[in-house]
Protein chains: 2
Amino acid sequence: MAEDRRAWRLVLESVESDLLSGRLSPGDRLPPERTLAADLGVGRSSVREALRVLEVLGLVRTAVGSGPSSGAVIVSRPSGGMSALLRLQVAAHGFAVNDIVRTRLALEAAVVADLADAVNAASASVDLAAARDLLSAMEAPGLTDAEFLALDQRFHLALAEASGNQVIVATMAGLRDSIEHYVRVGARQLPSWADTSARLMREHRDILAAVESGDATAARATVRQHISGYYAETNLSPRTPELTGQHRDLGLTQP
Amino acid sequence: MAEDRRAWRLVLESVESDLLSGRLSPGDRLPPERTLAADLGVGRSSVREALRVLEVLGLVRTAVGSGPSSGAVIVSRPSGGMSALLRLQVAAHGFAVNDIVRTRLALEAAVVADLADAVNAASASVDLAAARDLLSAMEAPGLTDAEFLALDQRFHLALAEASGNQVIVATMAGLRDSIEHYVRVGARQLPSWADTSARLMREHRDILAAVESGDATAARATVRQHISGYYAETNLSPRTPELTGQHRDLGLTQP
DNA sequence: CAGACCACTGTGGTCAGACCACAGCATACC
DNA sequence: GGTATGCTGTGGTCTGACCACAGTGGTCTG
């Protein structure tokens, strides 16, 4: 193990251990950087490197100034870190856009299937009001493609939110953010945005209808068509690639 | 937008832009920290904060010393960052263990269904040799629970790897790592490890058999039983919770 | 007395400089 | 020719300093 004696890891582990033990909870403020440095016996710069990581990962929010709202506060904003991670990995060719789309498909299919099953079970009331509202909002005339796509994303997130799984919500948000650039470029290359958006709206309604009728199989199929259809049209088709298991050298030397 | 004028963000954006434009690729070395700082007109500590983020996210590997292998190298090791992110979010109560398990279930079900479909299509040869080898390894007598669980994880990752989706591979690895602690504790509380491991092995063989016979539905069902069964037995049951969409305050103030 | 004003204080954000540990490389020495 | 040794470039860390900013509380003025 060798314990990785770098100072900033010590800080990270200290915060993680405080979180696990309950000494720190969402909403709490971390000690000032200078205090933390003195307590842990490291330099302030090492503390700052650890805090930077926590900030990007979405665990703390930092603010300058004085008063109760200043300093580093534990926040738990999972989506931010997921977006950053996926976006950078896509940029570094660690993740293929195609894989991102296929993963989104897998998650969203599971979400709507779960929702449909929950509607069937009827033991718990499924709250689809947010999704319905967004669908109405998307019918407003004169929406730009960017506005439409933003509402589209919120619609899909509303479904994930209704399923009550925060991990899937955050992951789907990150997956979508990470290919935001490609989606926008793809939208501009469509033959007719009006036709495509009309089709997307139709499919949205079909998905919601399948969920509300408790038909998990139909919901799955509709989602599949919806997502793979759009990306196929924008030349980012989520075809299943090289199943032969070719291995790229990822530069991992760790044991 | 306000552009967030912090210096380390500038560094991060510079690296990301270099990645997107192809000026940087996996295997390349970043300039030395001091050079990067001078080029971007920021202090070395700001550069270091950005590099620290990239390192935790799994995008660079840093090494001291001189020579070609020293410095910060672009590596693309997605799983590392995913593990760190999920683990910390679980620690901070941003993610519930239950949601982690449900997400793993959704992804793995999609993986085996994809594999079964690919076997059916037969256009591409599905390479399940790695999974088969791991299954054999797990039959060795005298494995400790920790050794068995490690092989178990590698078996599930081998399936994901066979599906060719690196995003799912990395995500599943992260999901599993993030609840490693709970899995180990759960294993110790089982009434009989011998019985449980025997059942897990049987289920593993069933999963592989369903995939090899091209039966996507059976593969899905078997995986569901395998994963939810284990976590139910270790009191971490992946029941579908509060579908009423209760909202926690996550401390997000961003617009 | 009420209000506006302002200096103080504590916080993160940044930089510059210094030193160390380490790994490769070139040179000198045997 | 082979080995030993010092040089050099790299990240890792610490210290100290300064800035910008936002509350806080006191002070001054009407």
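All chains are named by letter (A, B, ...) in the order of the sequence lines, taking the proteins before the strands, and each is independently numbered beginning at 1.
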Rounded interatomic separation in angstrom, taking CG from A:L36 and P from C:dG13: 14 Å
Any residue meeting salt bridge (charged side-chain N to carboxylate O under 4.0 Å, His left out) with A:R34, in chain and number order, not counting sequence neighbours: none
Residues forming a salt bridge (charged side-chain N to carboxylate O under 4.0 Å, His left out) with B:E33, sequence neighbours excluded: B:R44, B:R48
Mind listing the side-chain donor-acceptor pairs of residues 20-27 of chain A below 3.5 Å, one per line with the distance, residues two or more places apart or on another chain?
| from | atom 1 | to | atom 2 | distance (Å) |
| --- | --- | --- | --- | --- |
| A:S21 | OG | A:S17 | O | 3.2 |
| A:S21 | OG | A:D18 | O | 3.3 |
| A:S21 | OG | A:R23 | N | 3.4 |
| A:S21 | OG | A:R23 | NH1 | 3.4 |
| A:S21 | OG | A:R23 | NH2 | 3.4 |
| A:R23 | NE | A:D18 | OD1 | 2.7 |
| A:R23 | NH2 | A:S17 | OG | 3.3 |
| A:R23 | NH2 | A:D18 | OD1 | 3.0 |

If you restrict it to nitrogen or oxygen atoms, what contacts under 3.5 Å exist between nucleotides 20-25 of chain D and the protein, and what is each distance?
| from | atom 1 | to | atom 2 | distance (Å) |
| --- | --- | --- | --- | --- |
| D:dA22 | N3 | A:S66 | OG | 3.2 |

D:dT10 OP1/OP2 closer than 4.0 Å to side-chain N/O of B:T62: no
All side chain to side chain contact (heavy atoms under 4.5 Å, CB included) counterparts of A:D152, not counting sequence neighbours: A:R104, A:M138, A:H156, A:R176, A:H204, A:H226
B:W8 CH2 - C:dT14 P separation (whole Å): 9 Å
Residue A:A7, side-chain atoms from C-beta onward, closest of C:dG13, C:dT11, D:dC14: D:dC14
Partners passing salt bridge (charged side-chain N to carboxylate O under 4.0 Å, His left out) against A:R29 (at least two apart in sequence or in another chain): none
Positions of residues 43-52 of chain B (non-hydrogen atom under 4.0 Å from DNA chain C), listed by number: B:G43, B:R44, B:S45, B:S46
Interatomic distance where CD belongs to A:E55 and P belongs to C:dG12 [whole Å]: 12 Å
Protein-nucleotide distance (B:R61, atom CZ; D:dT10, atom P), rounded to Å: 15 Å
Rounded distance in Å - CD (A:E33) to P (D:dT15): 15 Å
With sequence neighbours excluded, residues passing side chain to side chain contact (heavy atoms under 4.5 Å, CB included) with A:L128: A:L115, A:V126, A:R132, A:L159, A:A162, A:L208, A:V211, A:E212
Non-neighbouring partners of B:V64 that pass side chain to side chain contact (heavy atoms under 4.5 Å, CB included), sequence neighbours left out: none
Selected nucleotide, minimal atom distance to A:R34 side chain, candidates C:dT11, D:dC14, D:dT13: C:dT11
Listed partners of A:S69 passing side chain to side chain contact (heavy atoms under 4.5 Å, CB included), at least two apart: none
Touch class at under 4.0 angstrom, heavy-atom based, for B:A37 against every strand present: nothing
Pair B:R87 + A:E16: basic N to acidic O under 4.0 Å: yes
Cationic N near anionic O, under 4.0 Å, A:E13 to A:R9: no
B:R6: salt bridge (charged side-chain N to carboxylate O under 4.0 Å, His left out) partners, not counting sequence neighbours: A:E55, B:D4
Whole-Å distance separating the CG atom of B:L10 from the C1' atom of C:dG13: 14 Å
For atom CZ of B:R29 and atom C1' of D:dG11, their distance in whole Å: 11 Å
Watson-Crick and G-U pairing of DNA chain D, under 3.5 Å, as dot-bracket with | and [ ]: ||||||||||||||||||||||||||||||
